Amino acid sequence: MFGKSKKQPPIRSLIGAGTTVIGEIRFAEGLRIDGEIRGDVLAEEGTSSLLVISENARIHGKVIASHVIINGQILGPVDSSELLELQSKARVIGNVSYQALEMHQGATINGELRPLSPPTIDDTPITRAKNSKDTKDLKDVKDPIPAK
């Protein structure tokens, strides 16, 4: 995830400021929204997609894309299969699912945060160190849950 430089798809479509679209929007590659959408915004399944929701944009519906950048308002669920970026003026009212999350100070979510692949308890640094045969791995590891 980190350190990998994946090329983003180009933004080929724009819904400009002052424009209101009523109905479902389906797109491929990249889409930037500066206006208002009253309906779902859905990227083509199985492809890399980029959705940019600018500061003045408003969406009343479901949002699904692989990479989503939000600085406006969404009233509905957001599903990002790769990276969800919530910039400082982002406002989301709805559940959010994501593979990776970047949230700037000032962004708000009123809903549940659901990582798509949460780490398992056996994959934490503490568990790995405790399961190691080499006890020197344990000397710097502090367990936040005291033993009973």
Side-chain angles (χ1 to χ4, degrees), residues 1-132 137 140-146:
M1 174 174 36
F2 298 104
K4 292 181 185 177
S5 174
K6 186 174 181 181
K7 187 176 178 186
Q8 293 184 2
I11 293 179
R12 299 195 184 276
S13 302
L14 167 69
I15 297 174
T19 302
T20 299
V21 176
I22 299 173
E24 183 178 274
I25 304 262
R26 291 186 177 265
F27 71 98
E29 294 185 330
L31 170 64
R32 179 183 171 103
I33 299 173
D34 293 339
E36 182 176 351
I37 307 295
R38 293 177 187 247
D40 298 341
V41 179
L42 311 170
E44 187 176 302
E45 286 187 51
T47 63
S48 183
S49 57
L50 172 63
L51 176 61
V52 178
I53 300 162
S54 74
E55 181 179 339
N56 296 316
R58 307 288 177 264
I59 297 176
H60 303 271
K62 178 175 27 176
V63 171
I64 299 176
S66 55
H67 184 172
V68 181
I69 301 171
I70 303 171
N71 202 26
Q73 295 182 8
I74 298 178
L75 178 59
V78 177
D79 185 353
S80 174
S81 60
E82 290 177 12
L83 174 62
L84 174 60
E85 295 181 49
L86 299 169
Q87 296 180 344
S88 63
K89 296 190 179 176
R91 304 289 178 263
V92 177
I93 299 173
N95 295 336
V96 173
S97 62
Y98 56 90
Q99 182 68 40
L101 175 66
E102 179 181 321
M103 188 169 180
H104 294 224
Q105 183 175 356
T108 62
I109 298 172
N110 187 353
E112 292 183 14
L113 293 170
R114 299 177 181 162
L116 293 176
S117 58
T120 63
I121 192 83
D122 293 335
D123 195 32
T124 64
I126 293 168
T127 306
R128 283 195 306 268
K130 284 183 176 179
N131 292 336
S132 172
D137 291 343
D140 295 328
V141 176
K142 298 200 180 354
D143 194 342
I145 304 170

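Since this is a predicted model, take the numbers as computed values, not measurements.
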If we only count heavy atoms from C-beta on, is the Ile15 to Val21 side-chain gap below 4.5 Å?
yes
Of all heavy-atom pairs between Gly94 and Ile109, which one has the smallest distance, and what is that distance?
O-CG2, 4.0 Å
The test is side chain to side chain contact (heavy atoms under 4.5 Å, CB included); show your working for Val52 and Ile11 and say whether it passes.
CA-CA 9 Å; Val52 178; Ile11 293 179; 3.8 Å; yes
With a cut-off of 3.5 Å and sequence neighbours excluded, list every side-chain donor-acceptor pair involving residues 83-92.
from	atom 1	to	atom 2	distance (Å)
Glu85	OE2	His67	NE2	2.6
Lys89	NZ	Glu55	OE2	3.0
Arg91	NH1	Gly106	O	2.8

Under the side-chain contact (heavy atoms from CB on, under 4.5 Å) test, which residues partner Glu112, sequence neighbours left out?
Asn95, Arg114
Any chance you could lay out the side chain to side chain contact (heavy atoms under 4.5 Å, CB included) test for Tyr98 and Asp79, step after step, and finish with the verdict?
CA-CA 6 Å; Tyr98 56 90; Asp79 185 353; over 6 Å; no
Closest heavy-atom pair, Ile64 versus Lys62, reported as atoms and distance to 0.1 Å, is CD1-CD, 3.8 Å
Can Val41 and Ile33 be said to form a side chain to side chain contact (heavy atoms under 4.5 Å, CB included), step by step?
CA-CA 10 Å; Val41 179; Ile33 299 173; 4.2 Å; yes
Heavy atoms of Ser80 and Ser66 approach each other most closely as OG-O, 2.9 Å
Any side-chain to backbone donor/acceptor pair from Arg26 onto Glu24? Under 3.5 Å, distance only.
no
Shortest non-hydrogen contact from Arg32 toward Asp34:
NE-OD1, 2.9 Å
Note: Pro9 and Gly30 closest approach over all heavy atoms is CB-N, 4.5 Å
Is there a side-chain contact between Glu29 and Pro10 in this structure, where contact means two heavy atoms from C-beta onward sitting under 4.5 Å apart?
yes
pair Ile53-Ile59: side-chain heavy atoms closer than 4.5 Å
yes
In short, Thr20 meets Arg38 closest at the heavy-atom pair CG2-NE, 4.2 Å
